[in-house]
J.: 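Take a look at this one; I'll ask things after.
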Amino acid sequence: MANQARSSAARRRRRRPTEGPSNPLALGLRFPFILTTSAGRQTQSRATPALVVKRLLFLTGNLGKLAEAQHYFAPLGYRVEQFLLNGKPPEVFEPQADSLRIVANAKISQARKLLAESSEEGAILVDDSGLFIDSLNGFPGVSSASVHSQIGCLGILDLMEGREERGAEFRTYAILWDGEEFVGEGICRGRIIAEERGENGFGYDPIFIPDDLGELSSEGRSSEGGSSDSGTSDMLTSGGRTFAELETAEKNAFSHRRKALEAVLNRLR
Ligand code: ITT
């Protein structure tokens with residue numbers, strides 16, 4: 001008995017160094033996973049955790065979001081795929097609402113229903129995001145998608161013309177479902193510049209510069225972002241570059257979406 005207790009304590013101790021949100025083994029085996037064999041065949045199994053790749057279906061029509069989630073999750077043992085039905089993203093109804101949470105909840109309800117009706121297997125992910133500009137009382141906020149399609153970044157720059165107060169933040173509300181729901185929120189503070197800059201990213205990325213992170217916090221470190229270092233080892237800065245001038249890895253080091261996804265994974269543990 002004592003030996004048994006000692007050996008299970010030893011097992012617990014051995015596991016501890018690899019626990020944490022960046023370790024897929026610590027995330028539990030809540031949904032079926034896929035083993036890719038050396039022959040490239042895929043089989044469902046519960047053996048050899050080192051080979052585990054979990055499938056995560058992201059219900060989004062936004063390929064920029066998809067790329068960021070893929071980049072974040074890949075080293076953690078997840079394969080993120082766009083949730084498609086008959087090769088197309090399904091129609092999703094987004095209610096008029098005054099919070100990202102309500103919209104994200106509406107998305108996950110639809111995703112769950114669609115998954116149940118389909119032959120797909122895996123966990124599902126949704127996110128609802130927006131840009132909230134201080135001097136515009138949080139506009140465009142929850143209306144970010146429709147505002148972007150109507151007036152674009154240039155329309156926002158027009159609204160900001162002559163304003164000295166340039167502070168703004170991106171927010172993401174993410175929900176992952178794998179039999180139960182796990183929620184995460186992320187915010188990235190920054191400022192709106194006076195012109196569009198950069199070709200990467202999507203949406204409002206060309207007009208937004210993230211604030212420096214004063215210390216290289218665990219969030220900066222865990223993202224493996226490759227973001228610019230200001231010269232001191234504990235500063236994380238975009239060097240005055242907009243999100244659209246950063247590579248995905250660099251944006252993820254700062255971004256609201258990566259923080260929200262990280263919070264989701266912390267709850268999954
Ligand atoms: P879904 O299919 O996932 O709903 P969407 O693009 O409609 O995709 P949101 O409603 O969450 O997603 O996004 C609102 C708007 O904010 C939309 O125009 C996005 O392009 C923009 N946006 C969201 N995240 C962003 C980010 O990280 N950087 C720049 N713009 C972003």
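Counting starts at 1 for both ligands and their atoms, following the listed order. Each residue takes its place number in the sequence, starting with 1.
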J.: Output yes when a side-chain donor or acceptor of Lys107 lies under 3.5 Å from a complementary backbone atom of Asp127, and no otherwise.
T.: yes
J.: Looking only at heavy atoms of Asp128, does any of them come nearer than 4.0 Å to an atom of ligand 1?
T.: yes
J.: To check your reading of the model: name the closest protein heavy atom to atom 9 (P) of ligand 1, its residue, and the distance in Å.
T.: Lys65 NZ, 3.4 Å
J.: Strictly distance-based, threshold 3.5 Å: is any side-chain N or O of Gln70 a donor or acceptor partner for the main-chain N or O of Glu81?
T.: no
J.: Thr60 heavy atoms, cut-off 4.0 Å: which ligand 1 atoms fall inside?
T.: 1 (P), 2 (O), 3 (O), 8 (O)
J.: So if I count the atoms of ligand 1 from 1 in the order they appear, which ones are less than 4.0 Å from some heavy atom of His148?
T.: 18 (O)
J.: Pick from Ile124, Val126, Val183: which one makes a side chain to side chain contact (heavy atoms under 4.5 Å, CB included) with Trp177?
T.: Ile124
J.: Specify the protein heavy atom at minimum distance from atom 21 (C) of ligand 1: its residue, its atom name, and the distance to 0.1 Å.
T.: Tyr204 CD1, 4.0 Å
J.: Between Lys251 and Asp205, is there a salt bridge with N-O shorter than 4.0 Å?
T.: yes
J.: Quick check: does any side chain N or O of Ser144 sit under 3.5 Å from a backbone N or O of Leu131, one acting as donor and the other as acceptor?
T.: yes
J.: Over 60° means perpendicular and under 30° means parallel, so classify the ring planes of His148 and Tyr204, tilted if in between.
T.: perpendicular
J.: Just going by heavy-atom distances, which of Arg171, Gln82, His256, Arg258 is nearest to atom 27 (O) of ligand 1?
T.: His256
J.: Let me know which of Arg189, Arg191, Arg166 forms a side-chain hydrogen bond (donor to acceptor under 3.5 Å, both in side chains) with Asp134.
T.: Arg189
J.: Measure from atom 7 (O) of ligand 1 to every heavy atom in Ala104, Pro89, Ala145 and give the option owning the shortest one.
T.: Ala145
J.: Considering Gly141, Ser129, Gly64 one by one, which has a heavy atom nearer to atom 13 (O) of ligand 1 than any of the others?
T.: Ser129
J.: If we only count N/O pairs under 3.5 Å, is Gly61 in contact with ligand 1?
T.: yes
J.: To the nearest 0.1 Å, how far is atom 24 (N) of ligand 1 from its closest protein heavy atom, and which atom is that?
T.: Arg257 NH2, 2.9 Å
J.: CZ/Arg241 to CD1/Ile193 distance, rounded to the nearest 0.5 angstrom?
T.: 13.0 Å
J.: Out of Gly203, Gly201, Ala244, Pro140, indicate the one that has the non-hydrogen atom closest to atom 20 (O) of ligand 1.
T.: Gly203
J.: Counting each atom of ligand 1 from 1 as listed, which ones have a heavy atom of Lys251 under 4.0 Å away?
T.: 26 (C), 27 (O), 28 (N)
J.: Has the side chain of Glu180 got a donor or acceptor atom that lies under 3.5 Å from a matching backbone atom of Phe182?
T.: no
J.: What do you reckon, does Phe202 put a non-hydrogen atom under 4.0 Å from ligand 1?
T.: yes
J.: Pick from Arg257, Arg258, Lys259: which one makes a salt bridge (charged side-chain N to carboxylate O under 4.0 Å, His left out) with Glu68?
T.: Arg257
J.: Considering heavy atoms of the protein only, find what lies nearest to atom 6 (O) of ligand 1 and give residue, atom and distance to 0.1 Å.
T.: Asn62 ND2, 2.9 Å
J.: Answer yes when Glu120 and Arg55 have at least one side-chain N-carboxylate O distance shorter than 4.0 Å, and no when they do not.
T.: yes
J.: How far is atom 4 (O) of ligand 1 from its nearest protein heavy atom, and which residue and atom is that?
T.: Lys107 NZ, 2.7 Å
J.: N/O to N/O below 3.5 Å, does that happen between Glu68 and ligand 1?
T.: no
J.: For the side chain of Asn62 and the backbone of Gly64, is there at least one donor-acceptor N/O pair under 3.5 Å apart?
T.: yes
J.: May I ask you to check whether Glu94 has an N/O atom sitting below 3.5 Å from an N/O atom of ligand 1?
T.: yes
J.: What protein heavy atom is closest to atom 28 (N) of ligand 1, reported as residue, atom name and distance in Å?
T.: Asp205 OD1, 2.6 Å
J.: Among protein heavy atoms, which sits nearest to atom 16 (O) of ligand 1, and what does the distance come to when rounded to 0.1 Å?
T.: Ser144 CB, 3.7 Å
